[in-house]
Amino acid sequence: MGMLIKNGNVVMVEDGKISKMDVLIDKGIIAEISPEINRNDVEVIDIEEKFLIPGLIDMHVHFRDPGYTHKEDIHSGSKAALAGGFTGVLMMPNTDPPPDNATVVYYWKEKSKNIPLNILFSGCITKGRAGKELSKLHELKEAGVVAITDDGNWVANGAVFRHAMEYAAALDLLVITHAEEPTIANRGVINEGYWSTVLGLRGIPKAAENVAIYRDIEIAKITGAKLHVAHLSTAEGVRLVAAAKKLGLKVTAEVTPYHLVLTDEALAGYDTNLKVNPPLREAEEQKALLKGLLEGVIDVIATDHAPHASYEKNVEFNDAPFGMEGLETAFPVLYTELVLTKKITLEKLLLKMTVNPAKILQLPKQGDIKKGNYANLTIIDPKLTLKVSEELLVGKSKNNPFLGKTLTGWPVMTIYQGIVAYQRLLKGVQ
Ligand code: DOR
Ligand code: ZN
């Protein structure tokens with residue numbers, strides 16, 4: 001059965017256009033987009049000028065499965081993704097066991113096969129993410145991973161990383177780098193600067209990130225491999241990525257919603273939910289990240305959804321794990337803080353959350369609202385204002401830094417290949 005979505009403000013991202021259109025879905029595909037379509041043989045929904053956007057694609061999520069399923073698992077993570085308006089996610093490999101060979105990938109495939117979400121897999125660069133010996137990269141590629149990364153760990157050994165990049169170039173695998181040189185980071189817990197001094201917490205210098213990005217780009221240069229820099233947090237990182245792009249290297253980069261809207265000043269209350277790696281930085285760095293995003297140096301916004309149980313976060317700051325959960329709130333956070341304040345247009349924001357990740361991950365027929373594409377669509381209510389509560393967080397963990405904040409522009413329906421995969425029930429909450 002098909003579906004007709006009437007009277008939406010349809011965002012065609014690549015064209016940079018928002019126009020009032022009707023959209024017809026047939027057999028999971030977008031069959032027609034035009035100012036007026038009338039059909040009585042399919043389900044019709046009138047969305048009354050809400051936004052109809054392409055399903056969001058998140059290149060960086062931690063679903064903790066296998067190994068840490070008390071924090072999240074594939075089912076609960078998918079629920080959080082769909083509630084956040086996402087129709088595609090790339091799972092990170094810091095699981096136990098980690099996917100350094102095909103076995104975990106087969107487990108993931110089996111467990112995710114009936115979930116209405118495009119779940120993509122990344123494999124480890126090195127065995128056990130230990131940075132010493134390469135994973136079975138050929139086997140991982142054959143099993144279906146689209147990227148390799150040791151996320152959480154930077155591959156510090158240059159020879160190992162070069163070797164991995166050579167394989168990646170030959171296998172057409174994207175290499176995602178968690179760029180942090182560990183001896184410079186030196187067990188820091190927040191950004192090194194004014195606030196680490198005031199709070200008496202060990203700092204992570206920006207140099208740790210900058211040095212790592214510089215090394216990785218040099219290796220991209222000699223191997224020709226595709227390098228994607230995860231969760232950029234420094235101005236110098238933006239400059240390095242811009243320079244690499246200018247040279248024509250296949251280098252792309254992402255930033256998280258948190259680094260775009262929060263700074264290290266927020267840590268004044270020692271809230272462990274704000275402890276994240278890379279750490280929140282100063283306003284100056286944040287400005288450079290936003291500028292890089294607007295100018296196209298930063299291609300993607302990815303959540304780095306990193307759920308942790310409250311008993312794990314509810315400890316001394318130094319002992320808490322790094323990470324924030326946030327699939328459910330990513331879009332309203334960005335809409336409220338960046339679009340409504342006119343720092344970025346909705347079309348441009350979506351470019352970073354739909355079209356660009358689809359291109360980088362080479363996902364055909366996804367990422368935009370176009371005839372012939374999969375009907376992966378999200379309806380956003382631009383007037384809906386809700387206070388972030390634990391109830392709104394549908395994943396297993398509640399370590400969201402925006403709890404208690406009032407946000408506008410929530411996803412109210414997520415459609416995956418023509419099927420309603422999520423619908424927000426508004427129990428009289430305003
Ligand atoms: O803060 C983070 N948490 N950064 C990472 O790179 C890993 C993530 C996690 O797995 O919790
Ligand atoms: Zn990371």
Side-chain angles (χ1 to χ4, degrees), residues 58-74 76-77 80 89-99 122-126 128-129 131 147-156 161 174-182 185 187-191 201 204 208-209 212-213 216 227-234 237 252-260 262 264 266-267 271-281 298 300-313 315 317-327 330 395-401:
D58 190 347
M59 283 185 69
H60 199 133
V61 303
H62 297 271
F63 279 0
R64 310 296 194 206
D65 193 348
Y68 307 99
T69 51
H70 62 289
K71 300 172 196 261
E72 197 78 286
D73 62 33
I74 293 184
S76 64
V89 295
L90 175 61
M91 290 205 304
M92 289 294 116
N94 55 343
T95 54
D96 187 12
S122 65
C124 305
I125 298 175
T126 65
R129 295 170 52 252
I148 51 169
T149 176
D150 275 357
D151 188 50
N153 297 339
W154 185 61
V155 181
F161 191 66
L174 180 70
V175 177
I176 303 178
T177 179
H178 172 111
E180 186 179 75
E181 203 287 326
R187 293 179 291 114
V189 291
I190 70 167
N191 176 53
L201 293 168
I204 304 175
E209 180 163 330
I213 295 173
D216 293 345
L227 176 75
H228 180 77
V229 184
H231 39 55
L232 211 58
S233 77
T234 68
T252 52
E254 74 190 29
V255 64
T256 73
Y258 321 113
H259 291 98
L260 288 171
L262 295 169
D264 58 353
L267 286 148
D271 180 356
T272 56
N273 279 352
L274 296 162
K275 182 176 173 183
V276 67
N277 183 260
L280 301 175
R281 307 278 191 190
I298 300 177
V300 164
I301 300 175
T303 66
D304 196 1
H305 176 79
H308 293 289
S310 41
Y311 73 85
E312 294 166 317
K313 277 286 195 182
V315 293
F317 197 90
N318 284 323
D319 299 330
F322 289 101
M324 303 171 173
E325 84 88 51
L327 276 164
K396 279 190 190 174
S397 295
K398 311 295 170 192
N399 56 315
N400 186 300

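In each ligand, atom 1 is the first atom listed, and ligand 1 is the first ligand listed. In what follows, residues are counted from 1 in the order of the sequence shown. Computed from a prediction, not measured in an experiment: that's the story for all the values here.
Atom CD1 of Ile125 sits about 6.5 Å away from atom OG1 of Thr177, to the nearest 0.5 Å.
Under the rule for a ring-ring contact (aromatic ring centres under 6.0 Å, His included), the partners of His231 that lie at least two apart in sequence or sit in another chain are His60, His178. With sequence neighbours left out, the salt bridge (Lys or Arg N to Asp or Glu O under 4.0 Å) criterion links Lys396 to Asp73.
Remark: side-chain polar atoms of Thr256 are paired, donor with acceptor, to backbone N or O of Tyr258 under 3.5 angstrom.
When only modelled atom types and interatomic distance are considered, Asn400 and Glu325 share a side-chain donor-acceptor pair under 3.5 Å. Between the side chains of His70 and Arg64, no donor-acceptor pair is found at a separation under 3.5 Å.
Residues Lys313 and Lys275 form a side-chain contact, since some pair of their non-hydrogen atoms from C-beta on lies under 4.5 Å apart. In this structure the side chain of Asn191 never reaches within 4.5 angstrom of the side chain of Leu267, judged on heavy atoms. Contact check for Thr272 versus His308: no side-chain heavy atoms found under the 4.5 Å cut-off.
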Write 'none' if nothing qualifies; otherwise put on separate lines each N/O atom of ligand 1 with a protein N/O atom under 3.5 Å away and their distance to 0.1 Å.
{"from": "ligand 1", "atom 1": "1 (O)", "to": "Asn277", "atom 2": "N", "distance (Å)": "2.9"}
{"from": "ligand 1", "atom 1": "1 (O)", "to": "Asn277", "atom 2": "O", "distance (Å)": "3.4"}
{"from": "ligand 1", "atom 1": "1 (O)", "to": "Gly323", "atom 2": "N", "distance (Å)": "3.2"}
{"from": "ligand 1", "atom 1": "3 (N)", "to": "Phe322", "atom 2": "O", "distance (Å)": "3.1"}
{"from": "ligand 1", "atom 1": "4 (N)", "to": "Asn277", "atom 2": "O", "distance (Å)": "2.7"}
{"from": "ligand 1", "atom 1": "6 (O)", "to": "His178", "atom 2": "ND1", "distance (Å)": "3.1"}
{"from": "ligand 1", "atom 1": "10 (O)", "to": "His62", "atom 2": "ND1", "distance (Å)": "3.4"}
{"from": "ligand 1", "atom 1": "10 (O)", "to": "Arg64", "atom 2": "NH1", "distance (Å)": "2.8"}
{"from": "ligand 1", "atom 1": "10 (O)", "to": "Asn94", "atom 2": "ND2", "distance (Å)": "2.7"}
{"from": "ligand 1", "atom 1": "11 (O)", "to": "Arg64", "atom 2": "NH2", "distance (Å)": "2.8"}
{"from": "ligand 1", "atom 1": "11 (O)", "to": "His308", "atom 2": "NE2", "distance (Å)": "3.1"}
{"from": "ligand 1", "atom 1": "11 (O)", "to": "Phe322", "atom 2": "O", "distance (Å)": "3.1"}

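Listed by chain and number, the protein atoms of type N/O/S under 2.8 Å from the Zn ion (ligand 2) are Asp151 OD1, His178 ND1, His231 NE2; waters are omitted.
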